[in-house]
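Report on the structure given below.
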Amino acid sequence: MRLLRFTATQRVVHWLNALLFGALIVTAVPLYFGSLGGVVLPRHLVEEIHLWCGLALPVPLLVSLLGPWGRAMRADLRRVSLWTHDEIRWLLSAGRSSLSADKFNPGQKLNAIVVGATVVVMLFSGVVLQWFEHFPLSWRVGATFVHDLFSWIIVFVIVGHVAVALAHRDSLVSMVRGSVPRAWAERHARRWLAEEPPTAPQ
């Protein structure tokens, strides 16, 4: 027996975001390390790809929240924003305290919040860097520091996210197939399991 964990809309958004993040990281390398500029593609083309991928990054998520197809995404967004005392204690204890987890454990919730906040910060600091002539010098200096700092933060978070996903096969497969075994939910998401009826694999 399997449970639907992610709808087709959620899975498409996840992989679109993964593609955009990947493109941003790859194009950021020659922009950050100037000696690598022009090795594969001309610098101006790399800058254009980086710019448009950055501007496009929030689009899949925003579209996924609209209309009837976004019902599950909106519900998950509410889940991520709600924290119980047990979840906070579990996070502060680095997973050593007992927890009857929701659909997402506290680490996954924190990951989603950090990524979401980072996207907003990177977008606004990137706008200042791209159209710098419209902003005062102090903003441009601050935007450079913030953009670089959050670039390293997001790389660290994504590497950690990928490593954890590879170590938890059922969670990774659920982002491809959409469903998880009921036994997985009994071990890792008992509170969510109590809410969800069984469904066939997607």
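The first residue in the sequence is number 1, and the count goes up from there.
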Check: Does the pair Glu186/Arg190 count as a salt bridge with the N-to-O cut at 4.0 Å?
Finding: no
Checklist line | side chain to side chain contact (heavy atoms under 4.5 Å, CB included) between Met175 and Phe6, intermediate numbers included | finding: CA-CA 7 Å; Met175 194 50 78; Phe6 296 113; 3.6 Å; yes
Check: When rounded to the nearest 0.5 angstrom, what distance separates CD1 in Ile154 from OG1 in Thr118?
Finding: 4.5 Å
Next item on the list: Determine whether Val141 and Phe145 make a side-chain contact, defined as any pair of heavy atoms from C-beta on separated by less than 4.5 Å.
Entry: no
Next item on the list: Taking the side chain as every heavy atom from C-beta outward, state whether Leu99 and Arg89 have any atom pair closer than 4.5 Å.
Entry: no
Next item on the list: Could you walk me through whether Ile113 and Trp83 pass the side chain to side chain contact (heavy atoms under 4.5 Å, CB included) test, one step at a time?
Entry: CA-CA 12 Å; Ile113 291 170; Trp83 290 69; 3.8 Å; yes
Next item on the list: Apply the side-chain contact (heavy atoms from CB on, under 4.5 Å) test between Phe104 and each candidate in Arg5, His188, Glu87; give the one that qualifies.
Entry: Arg5
Check: Do you reckon Trp52 sits in the same ILVMFWY cluster as Phe132, going by side-chain contacts under 4.5 Å, direct or chained?
Finding: no
Next item on the list: Specify the closest pair of heavy atoms between Phe150 and Met122, including all atoms of both residues, with the distance to one decimal.
Entry: CB-SD, 3.5 Å
Checklist line | Distance flag, aromatic centroids of Tyr32 and Trp152, threshold under 6.0 Å | finding: yes
Check: Does Gln10 use its side chain to pair, donor to acceptor, with the backbone of Thr7 at less than 3.5 Å?
Finding: yes
Notebook entry, point to check: Are Val162 and Ile25 linked, directly or through other ILVMFWY residues, by side chains that come within less than 4.5 angstrom of each other?
Noted result: yes
Margin query: Looking at every non-hydrogen atom in both residues, tell me the closest pair between Arg191 and Ser100 and how far apart they are.
Written below: NE-O, 3.2 Å
Check: At their closest point, which heavy atom of Ala185 faces which heavy atom of Trp192, and how far apart are they?
Finding: CB-CZ3, 4.0 Å
Notebook entry, point to check: Looking at side-chain heavy atoms only, is the closest gap between Leu41 and Ile49 below 4.5 Å?
Noted result: yes
Margin query: Between Leu123 and Leu55, does the side chain to side chain contact (heavy atoms under 4.5 Å, CB included) criterion hold? Intermediate values first, please.
Written below: CA-CA 7 Å; Leu123 179 63; Leu55 293 175; 4.0 Å; yes
Item checked: Stepwise side chain to side chain contact (heavy atoms under 4.5 Å, CB included) test for His168 and Val164 -> CA-CA 6 Å; His168 295 81; Val164 171; 3.7 Å; yes
Check: Shortest non-hydrogen contact from Lys103 to Gln108?
Finding: O-OE1, 4.1 Å
Next item on the list: Taking all heavy atoms of Gly54 and all of Leu24, pick out the closest pair and write down the distance.
Entry: N-CD2, 3.5 Å
Check: In terms of hydrophobic clustering (I, L, V, M, F, W, Y; side-chain heavy atoms under 4.5 Å; direct or indirect links), are Trp184 and Val173 co-clustered?
Finding: no
Next item on the list: With the side chain counted from C-beta on, respond yes when Phe21 and Val115 share a heavy-atom pair under 4.5 Å apart, and no when they do not.
Entry: yes
Check: How many angstroms lie between atom CG of Asp170 and atom CZ of Arg2, to the nearest 0.5 angstrom?
Finding: 7.0 Å
Check: What's the spacing between Asp86 CG and Leu91 CG if we round to 0.5 Å?
Finding: 12.5 Å
Note to self: Any side-chain to backbone donor/acceptor pair from His50 onto Val46? Under 3.5 Å, distance only.
What the structure shows: no
Notebook entry, point to check: More than 12 heavy atoms of other residues, nucleotides or ligands under 6.0 Å from NE2 of His134: is that the case?
Noted result: yes
Next item on the list: Indicate yes or no: at least one non-hydrogen side-chain atom of Pro60 is less than 4.5 angstrom from one of Leu20.
Entry: yes
Margin query: What's the separation between atom NZ in Lys109 and atom OG in Ser81, rounded to the nearest 0.5 Å?
Written below: 8.0 Å
Next item on the list: Evaluate whether atom CZ of Arg71 has more than 12 neighbouring non-hydrogen atoms of other residues, nucleotides or ligands under 6.0 angstrom away.
Entry: no
Item checked: Exam field: side chain Arg182 to backbone Met1, donor-acceptor pair closer than 3.5 Å -> no
Check: Going hydrophobic residue to hydrophobic residue with side-chain gaps under 4.5 angstrom, can you get from Leu62 over to Leu19?
Finding: no
Check: Would Leu77 end up clustered with Leu82 when hydrophobic side chains under 4.5 Å apart are linked, directly or stepwise?
Finding: no
Next item on the list: Would you check if the side chain of Ser179 reaches a backbone N or O of Leu4 as a donor-acceptor pair within less than 3.5 Å?
Entry: no
Next item on the list: Check Phe135 against Arg140 and note the closest heavy-atom contact, atom names and distance.
Entry: O-NH1, 3.0 Å
Item checked: Separation between OG1 of Thr27 and CD of Glu48, rounded to the nearest 0.5 Å -> 11.5 Å
Checklist line | Ser174 side-chain N/O to Gly178 backbone N/O, donor-acceptor pair under 3.5 Å | finding: no
Note to self: Just verifying a value: how many Å separate Leu129 CG and Leu51 CG, rounded to the nearest 0.5 Å?
What the structure shows: 11.0 Å
